[in-house]
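Sequence lines set the chain letters: A, B, ... in the order given, protein chains first and strands last, and positions in each chain run from 1. Values below: all heavy atoms of this structure, side chains included; hydrogens, waters and symmetry mates excluded.
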There are 2 protein chains.
Amino acid sequence: MTTKEPVLARARGQTLTGKIETALRLRILSGDLPPGAKLSLDRLKNEYSVSLSALREAVTRLASDGLLEVEEQRGYRVAPISLDNLAEVTRLRMELEPLALRQAIANGGIDWETDVMAALYRLNRTGRDPKDQESLEVWEAAHNAFHLTLIDRCDMPLLLRMCGQLSEMYNRYRHLFLSIKGEQRDLAAEHTEIAESAVARDADRAAALLRAHIEKTGAALKARLEAALPGQER
Amino acid sequence: MTTKEPVLARARGQTLTGKIETALRLRILSGDLPPGAKLSLDRLKNEYSVSLSALREAVTRLASDGLLEVEEQRGYRVAPISLDNLAEVTRLRMELEPLALRQAIANGGIDWETDVMAALYRLNRTGRDPKDQESLEVWEAAHNAFHLTLIDRCDMPLLLRMCGQLSEMYNRYRHLFLSIKGEQRDLAAEHTEIAESAVARDADRAAALLRAHIEKTGAALKARLEAALPGQER
DNA sequence: TCATAAAAACAAATCGATTTTTCTTCCACT
DNA sequence: AGTGGAAGAAAAATCGATTTGTTTTTATGA
């Protein structure tokens with residue numbers, strides 16, 4: 001549970017609704033609002049000191065991003081998690097991100113190549129200290145930026161939006177279930193290979209590597225989730 | 001421009017917001033609210049005799065479905081159309097629907113087969129009379145139902161939502177630019193082939209046929225759109 | 001004791017009015 | 001004439017209160 005004033009004040013230049021949306025989004029992605037939890041609009045309204053109208057619009061937007069589920073006349077709840085859902089998100093990312101990457105390789109020029117290598121450099125130079133919450137956030141930001149930079153030049157707004165939403169759901173699972181300790185992979189090597197194939201215009205190889213990268217992360221998450229949700233059937 | 005009372009009264013059991021959403025959605029898809037048009041919330045509020053809160057939530061939902069675009073502090077406008085957008089929608093449908101179809105073929109049993117053949121039968125028995133607006137609507141409903149039935153059993157809610165949104169955008173282009181007169185294709189034969197391959201569990205063939213089917217429609221629409229938007233560059 | 005139904009409590013949906021922001025017009029000044 | 005900017009108008013965002021619908025509780029009859 002976070003305090004309210006700082007969170008709302010931080011995001012400037014936006015509309016109030018946008019600020020609340022951002023604040024709630026962070027709480028959902030971080031697990032502060034756990035999967036399946038019912039949202040009391042009344043309570044949130046007081047917590048953030050806003051009117052129902054603003055709050056209502058914020059949760060409507062979050063629902064459309066798949067972070068909340070809405071039952072008419074019965075309120076909102078945080079989107080539940082499940083093995084099925086994780087499998088679908090993984091599967092769709094495996095299809096869509098390589099598609100976007102191929103297009104980006106076709107469209108991108110020297111600027112794009114530069115951006116990719118820059119994002120890779122920053123990511124590989126960013127350390128993760130399991131004990132330091134802030135370093136984890138910085139690493140995640142760099143990781144997200146790297147994946148986005150790879151595909152950003154695909155020039156397909158709808159596809160980018162889909163990939164963005166899927167990544168967001170993915171990050172929630174990662175926050176909830178993936179501690180760094182268990183990681184046995186050389187992530188840096190994987191990222192570097194992907195970036196270098198992409199910049200070298202080897203679309204087939206880059207797409208295959210990206211697909212495998214997503215699949216591996218998905219498998220790791222699945223293992224953790226299975227351990228955390230014992231007895232639940234597919 | 002439609003009258004208000006009947007439209008809102010027709011959709012029962014829903015929340016008021018839901019009714020407005022449905023009414024506006026129809027007007028956008030039919031072209032009654034043309035691409036790029038600015039929405040005056042004030043005018044719509046009076047037109048439908050509802051409060052701003054309800055209307056606001058309705059347009060927020062439509063925006064999240066990609067039918068409206070929102071600029072903060074500056075209002076909503078109907079999503080514009082373009083060759084680029086049409087190309088992206090076509091491309092994504094070509095990727096996603098076959099993916100869903102393969103999964104449906106893997107998952108579906110005798111019930112699914114039956115549903116597919118039933119939807120095919122209804123579609124092929126539904127005539128289109130260019131002069132009769134109602135017959136066009138009936139045909140379109142049958143057509144949508146057929147495509148949805150094909151992939152419904154993929155058991156991937158996120159994927160189905162994406163396909164649904166893309167189809168919706170597609171149907172808008174069809175309404176705006178595709179008269180039946182120019183159609184030189186044997187649509188019934190295409191649909192029949194797809195359905196029969198699917199039911200016969202020939203996933204590769206069914207997916208390829210569906211992909212080609214979408215591509216052909218996309219090409220036809222592109223030609224019409226190019227004719228209608230002269231001088232506009234890709 | 002259980003089932004049923006009325007009623008009280010609670011929460012979501014809607015409303016009308018107010019505040020804030022953006023857009024437009026018009027005037028002063030160079 | 002052209003630029004800058006202030007005043008007014010229009011539109012979006014927000015608010016607090018009311019209405020409508022859902023859930024829970026309690027009382028009644030079999």
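Nearest to the side chain of B:T17, among D:dG21, C:dT21, C:dT14, sits C:dT14. Comparing atom distances between the A:S53 side chain and each of D:dC15, C:dT22, D:dG21 picks out D:dC15 as nearest. Distance from the side chain of B:V50 is smallest to C:dC15 among C:dC15, D:dC15, C:dA12. In this structure, the nucleotide among C:dA11, D:dA11, D:dT23 sitting nearest to the side chain of A:R74 is D:dT23. Closest contact between the side chain of A:S51 and the listed nucleotides C:dA17, C:dC15, D:dC15 involves D:dC15.
Nucleic acid contact for B:K45: none, since no nucleic acid atom lies under 4.0 Å from a heavy atom of the residue. In this structure, B:L55 reaches neither bases nor backbone, as no heavy-atom distance under 4.0 Å exists between it and the strands shown. Residue contacts for A:S40: at a heavy-atom cut-off of 4.0 Å it reaches no nucleic acid atom on any strand shown.
Atom-to-atom, CG of B:L41 to C1' of D:dA10 comes out at 13 Å; the value is rounded to the nearest Å. The distance between atom CG of A:D42 and atom P of C:dA9, rounded to the nearest whole Å, is 16 Å.
Between A:T15 and the phosphate of D:dT14, there is a side-chain N or O to OP1/OP2 separation shorter than 4.0 Å.
In this structure, the ring-ring contact (aromatic ring centres under 6.0 Å, His included) partners of A:F146, at least two apart in sequence or on a different chain, are A:H191.
When the nearest nucleotides of DNA chain C are assigned to B:A54 and A:K38 by heavy-atom distance, the more 5′-ward of the two goes with A:K38.
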